[in-house]
Every structure is written in C-alpha cells, then in structure tokens.
K.L.:
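Structure provided below as structure tokens; questions to follow.
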Amino acid sequence: MHSNNFSARLREERERIGLSQAALAEAGGVKKLAQHTYEKGERSPSSDYLLKVADAGVDVSYLLTGSRSLTGPTPPPADDEDAISLPLLSATGSMGPGHDFTPEDVILGRVPVSRHWLSVNLPRSRPEALQLVHAYGDSMGDTLRSGDFAIVDTDYTVADVSGVYVLQANGQLYIKRVSRRLDGRHEITSDNPNVRTVEVLDGSQQVRICGRVVYGWNGRRF
C-alpha cells in the first residue's frame, strides 16, 4: 500500500460521507491531530481505527486497494420511518450493443431501501433523484454484472465527474464509463478488458446523459 495514495483516498472517503476531520476522528476513536496525520500520509492508522470508520460508512476496501466495487446489497429499512421507496423503471441499460429506449419512463414498482443507509453511503445524492434500472451484458466486467440493478442519480445530466453513467444515444440506452480528457472531450469506455471499446465524444454526437450510476447490486438478491 502506498501511503500517499491511501491518505488521498482516506480524505476522499471522508468528504464522500460528509464528515469533518474531527467527526471522522471521533468515529475512529482517535484525536483530530491523528486524523490529520493520516490524511497527510505521515502516519498509518490501526486496524481498530479502520473497523470503526467502516461502521461510519467509509469504504475500507477502497482505502486499502484503490478499487471500489459498485456491487453489493443494500440493507432493508430498520422500520417504516427509515424506509424510502426507489422507483424501478422499465428502461433497461445495456452494457453491450444497447437497448431500445422507452421515451416515457414506466415505473414497474418501488423498492424499499434504508433512508439511513442512503444518507451514509450516498450523502451527495437526493433520495428523490434516485432510480433503479436493470443492467445486462458483460462489457462492464465486475463493475456491474449482467442481472444487476443499478441505482442511478438522475441529477447528473453532465459528465463533469468521471464515472459510470446511463447514456441515451440513437434511441438506445447504454451503461458505460465516461471520463473527461484534458482536451475537454469525453471518452466512453467499457470496463471489461475482453470487450473493451473506446469512443471519444467531440460534441457532434447526440448523446444524452440520463444519470450517474452511484451504486449497484445483483438482481438475484431481490
């Protein structure tokens, strides 16, 4: 583990869950100065600290490996007050050649999730903007597997942050990784190295960003 990479990811995770250095230090059972030194790469935290901040919503696997898995089940609501229902849309996002797009979103049902879980794991997303779409195909590799349901934040209509997005083009929906290049253009790729494709958008293509994938889990868990 390269300490500088770890420290940068620790700060990224703290900001993702919306905590100050003092707050995360308290959650990890250390002083604020210790948290500061962790994020500066001057010291390495203990395993006890990592266990405690994991309970606060930090993705410890990402801290240690630099890889963030989008796939994993969300916990059920603790009670009625904790429950919020996300709409499950009929639209299907393809991780391959594309899937026909339905102009009007048709809600097939609603899936209850924990409001507390959303606030901890997706602190920058408005619950009202979150929707579920079904993904199929294998071009996204282990990031999203065929059969997964993806939570999509529909507030993202511009790909100003690199990530996995739901795109509409030529009457079809796609789930692809979008990265912003230094020249300002966007690069669309697949995560599966066996079927990796690269396309660069120069502004002339008619591509609409329907939202950013912020979480996903295997559909067989429902």
K.L.:
So, for G57 and I17, which heavy atoms are closest and what is the spacing to 0.1 Å?
P.N.:
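Closest pair (atom of G57, atom of I17, distance): O-CG2, 3.7 Å.
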K.L.:
How far does OH of Y215 sit from CG of L132, to the nearest 0.5 angstrom?
P.N.:
12.0 Å
K.L.:
Locate the shortest heavy-atom distance separating I84 from P127; write the atom from each residue and the value.
P.N.:
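Reported closest heavy-atom pair: CD1-CB, 3.3 Å.
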K.L.:
To the nearest 0.5 Å, tell me how far L19 CG sits from Q35 CD.
P.N.:
9.5 Å
K.L.:
Does R180 have any side chain to side chain donor-acceptor pair (under 3.5 Å) partners at least two apart in sequence or in another chain, and if so, which?
P.N.:
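With neighbours one apart ignored, the set is H186.
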K.L.:
Do L167 and I209 touch side chain to side chain, with heavy atoms closer than 4.5 Å?
P.N.:
yes
K.L.:
Could you tell me which non-hydrogen atom of S179 sits nearest to which non-hydrogen atom of S162, and how far apart they are?
P.N.:
CA-OG, 3.5 Å
K.L.:
Could you tell me the separation between the OG atom of S7 and the CZ atom of R43, rounded to the nearest 0.5 Å?
P.N.:
13.5 Å
K.L.:
Taking the six-membered ring for Trp, is the centroid-to-centroid distance between Y38 and Y49 below 6.0 Å?
P.N.:
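So the answer is yes for these two rings.
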K.L.:
Can you find a heavy atom in the side chain of W117 that is under 4.5 Å from one in the side chain of L122?
P.N.:
yes
K.L.:
Considering all heavy atoms of both residues, which atom of P123 and which atom of G18 are nearest to each other, and what is their separation?
P.N.:
CG-N, 4.4 Å
K.L.:
A side-chain contact here means heavy atoms from C-beta on lying under 4.5 Å apart; do I151 and V213 qualify?
P.N.:
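Sidechains of V213 and I151: no contact.
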K.L.:
With R14, which residues qualify under salt bridge (charged side-chain N to carboxylate O under 4.0 Å, His left out), at least two apart?
P.N.:
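So R14 forms a salt bridge (charged side-chain N to carboxylate O under 4.0 Å, His left out) with E39.
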K.L.:
If you take all heavy atoms of Q168 and C210, which pair is closest and at what distance?
P.N.:
CB-SG, 3.9 Å
K.L.:
Just jot down the side chain to side chain donor-acceptor pair (under 3.5 Å) partners of S114, sequence neighbours excluded, or say none.
P.N.:
D82
K.L.:
Do R9 and E12 sit within salt-bridge range, that is, some charged N less than 4.0 Å from a carboxylate O?
P.N.:
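Salt bridge: no.
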K.L.:
Suppose we screen for salt bridge (charged side-chain N to carboxylate O under 4.0 Å, His left out). Which residues come up paired with E15, at least two apart in sequence or across chains?
P.N.:
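Partners of E15 under the salt bridge (charged side-chain N to carboxylate O under 4.0 Å, His left out) test: R11.
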K.L.:
Applying side chain to side chain donor-acceptor pair (under 3.5 Å), name anything that partners Y156, two or more places apart in sequence or on another chain.
P.N.:
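Listed in chain order: nothing, the list is empty.
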K.L.:
Would you say CD of E128 has more than 12 non-hydrogen atoms from neighbouring residues, nucleotides or ligands within 6.0 angstrom?
P.N.:
yes
K.L.:
Return the OG to CG distance between S85 and L130, rounded to the nearest 0.5 Å.
P.N.:
12.5 Å
K.L.:
Can you give me the closest heavy-atom contact between L50 and P45, atom names plus distance?
P.N.:
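Looks like CD2-CG, 4.2 Å.
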K.L.:
Does a sphere of radius 6.0 Å around CG in D80 hold more than 12 heavy atoms from other residues, nucleotides or ligands, not counting ones at 6.0 Å or beyond?
P.N.:
no
K.L.:
Are the side chains of R177 and I188 in touch, meaning some heavy atoms are under 4.5 Å apart?
P.N.:
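The answer is no, as the side chains (C-beta and beyond) never meet within the 4.5 Å cut-off.
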K.L.:
Is the closest side-chain heavy-atom distance between P77 and V113 below 4.5 Å?
P.N.:
no
K.L.:
Where the side chain of T37 meets the backbone of E42, is there a donor-acceptor pair that is under 3.5 Å apart?
P.N.:
no
K.L.:
Do the side chains of R16 and V58 get nearer than 4.5 Å, heavy atoms only?
P.N.:
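SC-SC contact between V58 and R16 ruled out.
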K.L.:
Can you pull the salt bridge (charged side-chain N to carboxylate O under 4.0 Å, His left out) pairs that have at least one residue in residues 150-165, sequence neighbours excluded?
P.N.:
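Matches after skipping sequence neighbours: R126-D155.
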K.L.:
For Q21, I'd like to know if atom CD has over 12 heavy atoms of other residues, nucleotides or ligands within 6.0 Å.
P.N.:
yes
K.L.:
Side chains of L10 and V53: does their closest heavy-atom pair fall under 4.5 Å?
P.N.:
no
